[in-house]
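Structure first, then comments.
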Amino acid sequence: MQKKLFLQAENIVVSFGEQKVLDFERFVVYQGERIGLTGVNGAGKTTLLRVLCGELEPDAGTVKLMCEPHFFRQFSQGVDPFDLDGKEMKAMQIQDKVWQETVSGGEDTRMRLAWMFSSRKMLYFLDEPTANLDRKGIALLKKKLQELDTMVIVSHDRALLNALCTRIVEVREGRLTSYEGNYDAYRQQREQALQRQWTEYENYTSEKRRLEKVYQQKKQKAASIEKLPKGMSPREAGLRNFLSKHPKDAKAGRMEASAKNVLERLEHMEVKEKPREIPRIRPDFRLTDPPENAVVIRGEDICFSYENGTEVFRNASFQIRNRSRVAVVGENGAGKTTLLNLIRQQYLLRTDKICSNLYLVPKASIGQLDQNMASLDLEKTVLENVMADSVQTEKVARTVLARLLLSARDMGKKAGVLSGGERIKLAFAKLFVGRANVLILDEPTNYLDIPSVEALEEMFSEYEGVLVFVSHDEAFIRACATEILEVRDGQTISWLGTPEEYFA
């Protein structure tokens, strides 16, 4: 049975000033499709959603909607509780929150999602619906989204895209490329395409070298034929060739013609570009003077309450082992960020006044990511910023920047002209080449596109120091963490199994 067409966009062009953001021929959505949009920050994913739902008029092209959609925006105002369906409020577990004067970011997202589900549309556009949601909220959202029939979704949550999507559309340089299946299937197809690129490039370079060798051989042979015998004048050589049954100048001419044919084949070969290679040089971690202790951070019977009387920790104990990568998980408001802040403050002051039962070994040097990017000098270049406090060589620093997808062209840019995502990657590069041997990070993947998150995962998985991070990104935790520390009911609970077992 033929599927019903819900949306058709053709010959779309969108420009902002002189920059062309979108330029594609066709995009369609059929009933029953769940399409995930992927691409780097600034590729035009949100712009595409705005065009498709009719909010933004394209500079050229047409969009035909066969049904009324609902557009869930990443940033929007709250909703009127009277617009919410009681069933959807219960499903998103916000029935006791909707009448509060103030709500948290996660609660506001849940309310807006409940409003979306209450709308009962046939087609949904969603822009980063997991923003501000904790693991529990993401699980509730995933369950509800699986009940929807047709959607186009932008999300950096790969576990969500894997659970939902029937098709992935990559937005790259204004063009759209479609891949059947979920996000993992998309990555596999991209990897296969990359392997084909390498094969084509290797075949091209091999054939090019062969033809160049043949060309040089024929040129040399033609030159040796044309060379005059010793003591013979050009006139005598010409007379000899005229009287000979096999004139040597004719042979030379044929050889020159053959060489020319080879040269023409070389010039008309289809050029295959070399696929981009990620450099593999790693920082020399010994330069950070890392601690040798088995346990680097220890908390014993920690109690902590805020001035308003809110108790966060009650006799909580934990330990962070050397070379471990610990994911701190828990619901919104459980105390994850508070725990990181206690560790940071204890390190900065090195005093018992903060938390008498929290210990850091003397050689522990903590690095953290400032949300306001205060560590960056916006007037200095990318390379100058990363080298300012580096203990690594410039070659290593350039390699780290490249692995975080900052190109050679970016090295000379001033930090002030970088996008938000690029500044975050620059700040990470400073951490990787700096003196820190313990990284304490709160939601490190916020505001990064999926390619950047995957690049960061690779760097973290090779990190030789201690990594303690808060994240709600299940795929990121699976890729990076060696241990799980759950914050719940004023306690810290060390998970003895693997991240895969924790999420099972």
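Predicted model only: the values in this text are computed from it and were never measured. This chain uses plain numbering: 1 for the first residue, then up along the sequence.
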Legend entry - Whether Asp134 side chain and Gly106 backbone form a donor-acceptor pair below 3.5 Å: no

Inset, instruction - Determine whether more than 12 heavy atoms belonging to other residues, nucleotides or ligands lie under 6.0 Å from atom CZ of Arg167. - result: yes

Legend entry - Residues that Asp59 engages under side-chain hydrogen bond (donor to acceptor under 3.5 Å, both in side chains), provided they are two or more places apart: none

Inset, instruction - Answer yes when Asp85 and Arg120 have at least one side-chain N-carboxylate O distance shorter than 4.0 Å, and no when they do not. - result: yes

Inset, instruction - State whether the side chain of Gln189 and the backbone N or O of Ala185 hold a donor-acceptor pair below 3.5 Å, judged by distance alone. - result: yes

Inset, instruction - Any chance you could measure Arg423, atom CZ, to Leu406, atom CG, to the nearest 0.5 Å? - result: 12.5 Å

Inset, instruction - Answer yes when Glu147 and Lys142 have at least one side-chain N-carboxylate O distance shorter than 4.0 Å, and no when they do not. - result: no

Inset, instruction - Measure centre to centre between the rings of Phe432 and Phe460, then say whether the value is under 6.0 Å. - result: yes

Legend entry - Over 12 foreign heavy atoms within 6.0 Å of CD, Glu25: no

Inset, instruction - Indicate the atoms forming the closest heavy-atom contact of Lys144 with Ala91, along with that distance. - result: CD-CB, 3.9 Å

Legend entry - Between OG on residue Ser155 and CD1 on residue Ile450, distance to nearest 0.5 Å: 6.5 Å

Legend entry - Contact summary for Leu126 and Met151, nearest pair of heavy atoms: CD1-CB, 4.0 Å

Inset, instruction - Apply salt bridge (Lys or Arg N to Asp or Glu O under 4.0 Å) to Glu18 and list each qualifying residue two or more places apart in sequence or on a separate chain. - result: none

Legend entry - Salt bridge present between Arg209 and Glu207 (N-O < 4.0 angstrom): no

Legend entry - Pair Glu379 + Lys414: basic N to acidic O under 4.0 Å: yes

Inset, instruction - In sequence, state the C-alpha distance, the side-chain angles, and the governing distance for Val63 and Gln8, and then conclude on side-chain contact (heavy atoms from CB on, under 4.5 Å). - result: CA-CA 6 Å; Val63 177; Gln8 180 174 297; over 6 Å; no

Legend entry - Verdict with reasoning, Leu7 to Val28, per side-chain contact (heavy atoms from CB on, under 4.5 Å): CA-CA 5 Å; Leu7 180 146; Val28 294; 5.9 Å; no

Inset, instruction - With sequence neighbours left out, write down each residue that passes side-chain hydrogen bond (donor to acceptor under 3.5 Å, both in side chains) with Glu273, or none if nothing qualifies. - result: none

Legend entry - Interatomic spacing from CE in Met411 to CD in Glu394 - rounded to 0.5 Å: 9.0 Å

Legend entry - Asn332 side, atom CG; Arg110 side, atom CZ - distance, nearest 0.5 Å: 7.0 Å

Inset, instruction - Go through the structure and list residues passing side-chain hydrogen bond (donor to acceptor under 3.5 Å, both in side chains) with Asp108, not counting sequence neighbours. - result: Arg112

Inset, instruction - Specify the closest pair of heavy atoms between Lys425 and Leu448, including all atoms of both residues, with the distance to one decimal. - result: CG-CD2, 4.0 Å

Legend entry - Carboxylate-amine/guanidinium contact Glu454 Arg187, below 4.0 Å: yes

Inset, instruction - Could you tell me which non-hydrogen atom of Thr130 sits nearest to which non-hydrogen atom of Leu160, and how far apart they are? - result: CG2-CD2, 3.7 Å

Inset, instruction - Among Val13, Leu48, Val169, find the residue that satisfies the side-chain contact (heavy atoms from CB on, under 4.5 Å) test when tested with Phe24. - result: Leu48

Legend entry - Neighbour count >12 (heavy atoms, 6.0 Å) for atom NZ, Lys121: yes

Legend entry - Which residues share a salt bridge (Lys or Arg N to Asp or Glu O under 4.0 Å) with Lys208, sequence neighbours left out: none

Inset, instruction - Look at the rings of Tyr201 and Tyr204 and say which category their plane angle falls in: under 30° parallel, 30 to 60° tilted, over 60° perpendicular. - result: tilted

Legend entry - Polar side-chain atom of Trp495 near backbone of Thr498 as donor-acceptor pair, under 3.5 Å: yes

Inset, instruction - For residues Thr150 and Gly32, report the shortest heavy-atom separation together with the two atoms involved. - result: OG1-N, 2.9 Å

Inset, instruction - Before accepting this row, confirm whether a basic side-chain N of the pair Arg190/Glu170 lies closer than 4.0 Å to the acidic partner's carboxylate O. - result: yes

Inset, instruction - Answer yes when Asp389 and Arg435 have at least one side-chain N-carboxylate O distance shorter than 4.0 Å, and no when they do not. - result: no

Give the table of side-chain donor-acceptor pairs shorter than 3.5 Å for residues 462-487, with sequence neighbours excluded, one pair per line with atom names and distance.
{"residue": "Glu462", "atom": "OE1", "partner": "Arg403", "partner atom": "NH1", "Å": "2.9"}
{"residue": "Glu462", "atom": "OE1", "partner": "Arg403", "partner atom": "NH2", "Å": "3.2"}
{"residue": "Glu462", "atom": "OE2", "partner": "Arg280", "partner atom": "NH2", "Å": "3.3"}
{"residue": "Glu462", "atom": "OE2", "partner": "Arg403", "partner atom": "NH2", "Å": "3.1"}
{"residue": "Ser471", "atom": "OG", "partner": "Asp473", "partner atom": "N", "Å": "3.0"}
{"residue": "His472", "atom": "ND1", "partner": "Leu133", "partner atom": "O", "Å": "3.3"}
{"residue": "His472", "atom": "ND1", "partner": "Glu443", "partner atom": "OE2", "Å": "2.8"}
{"residue": "Asp473", "atom": "OD1", "partner": "Ala475", "partner atom": "N", "Å": "3.1"}
{"residue": "Asp473", "atom": "OD1", "partner": "Phe476", "partner atom": "N", "Å": "3.1"}
{"residue": "Glu474", "atom": "OE2", "partner": "Arg478", "partner atom": "NE", "Å": "3.1"}
{"residue": "Glu474", "atom": "OE2", "partner": "Arg478", "partner atom": "NH2", "Å": "2.9"}
{"residue": "Thr482", "atom": "OG1", "partner": "Arg325", "partner atom": "N", "Å": "2.9"}
{"residue": "Thr482", "atom": "OG1", "partner": "Arg325", "partner atom": "O", "Å": "3.2"}
{"residue": "Glu483", "atom": "OE2", "partner": "Arg321", "partner atom": "NE", "Å": "3.0"}
{"residue": "Glu483", "atom": "OE2", "partner": "Arg321", "partner atom": "NH2", "Å": "2.2"}
{"residue": "Glu486", "atom": "OE2", "partner": "Arg488", "partner atom": "NH1", "Å": "3.3"}

Legend entry - Contact summary for Ala415 and Asp377, nearest pair of heavy atoms: CB-O, 3.7 Å

